[in-house]
Each structure stands twice: as structure tokens, then as C-alpha cells.
Amino acid sequence: MIVVVNEKKVEVDERITVAALLESLGYPDRGVAVAMGDAVLPRSDWTTTLFDGARLEVVTAVQGG
């Protein structure tokens, strides 16, 4: 199935969770925020199984000045 992450189409397994997707894409364990649709997804909901056509925005915290 296809999901969209930061405007890029990604082919994934049908049973993938948000957490597993982030890991497979190489995102760090900390300093990451995810929005699905128009709502921020709390980390406690990252066990949510994705669906075909899901749209996610993923941002990472950057340190610096």
C-alpha cells in the first residue's frame, strides 16, 4: 500500500504502524513529531496501523542557534 510522508509516496506493508514506519525511514527515537491528516499524533498513538493513502507530516527537532 502507499502512504505519503512529507509529500513523498512510500510503499509499505499493509500492517505497518506509525512507529515502524518512522524506524524504517531512519527517523531518530527522540525529537520527532508526527501529524496525520490535520492532527498531531501523540506518541502513545504511534502504535496505530496505517491505511492506504494515509498522509503524514514528520518533523524533527534541530539544535542550534
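Every value quoted in this text rests on a predicted model; they were computed, and no experiment measured them. Heavy atoms only: backbone and side chains are in, while hydrogens, waters and symmetry mates are out.
Around atom CZ of Arg55, no more than 12 heavy atoms belonging to other residues, nucleotides or ligands sit under 6.0 Å away.
The closest side-chain heavy-atom distance from Val18 to Asp45 is not below 4.5 Å. Here the side chains of Val3 and Asp52 are not in contact, with every heavy-atom distance at 4.5 Å or above. Using a 4.5 Å cut-off on side-chain heavy atoms (C-beta onward), Thr49 and Ile16 make no contact. Counting heavy atoms from C-beta on, the side chains of Val4 and Val10 never come closer than 4.5 Å. A heavy-atom distance below 4.5 Å is found between the side chains of Leu50 and Met36. Side-chain atoms of Glu57 and Val34, non-hydrogen and from C-beta on, never get closer than 4.5 Å to each other.
Scanning all heavy atoms of the two residues, the minimum distance from Val32 to Arg43 falls at O-NH2, 4.0 Å.
Tyr27 is not connected to Val59 by any chain of hydrophobic side-chain contacts under 4.5 Å among Ile, Leu, Val, Met, Phe, Trp and Tyr, and they are in different clusters. If you chain together hydrophobic residues whose side chains sit under 4.5 Å apart, Phe51 and Val5 fall into the same group.
Here the straight-line distance linking atom CG of Leu22 with atom CG of Leu56 works out to 7.5 Å at 0.5 Å rounding. To the nearest 0.5 Å, the span separating CD1 on Ile2 from CD on Glu11 amounts to 4.5 Å.
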Subject >> Test side chain to side chain contact (heavy atoms under 4.5 Å, CB included) applied to Leu21 and Val12, step by step >> reply: CA-CA 8 Å; Leu21 173 66; Val12 297; 3.7 Å; yes

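Without hydrogens or angle criteria, Trp46 side chain to Leu41 main chain gives a donor-acceptor distance under 3.5 Å.
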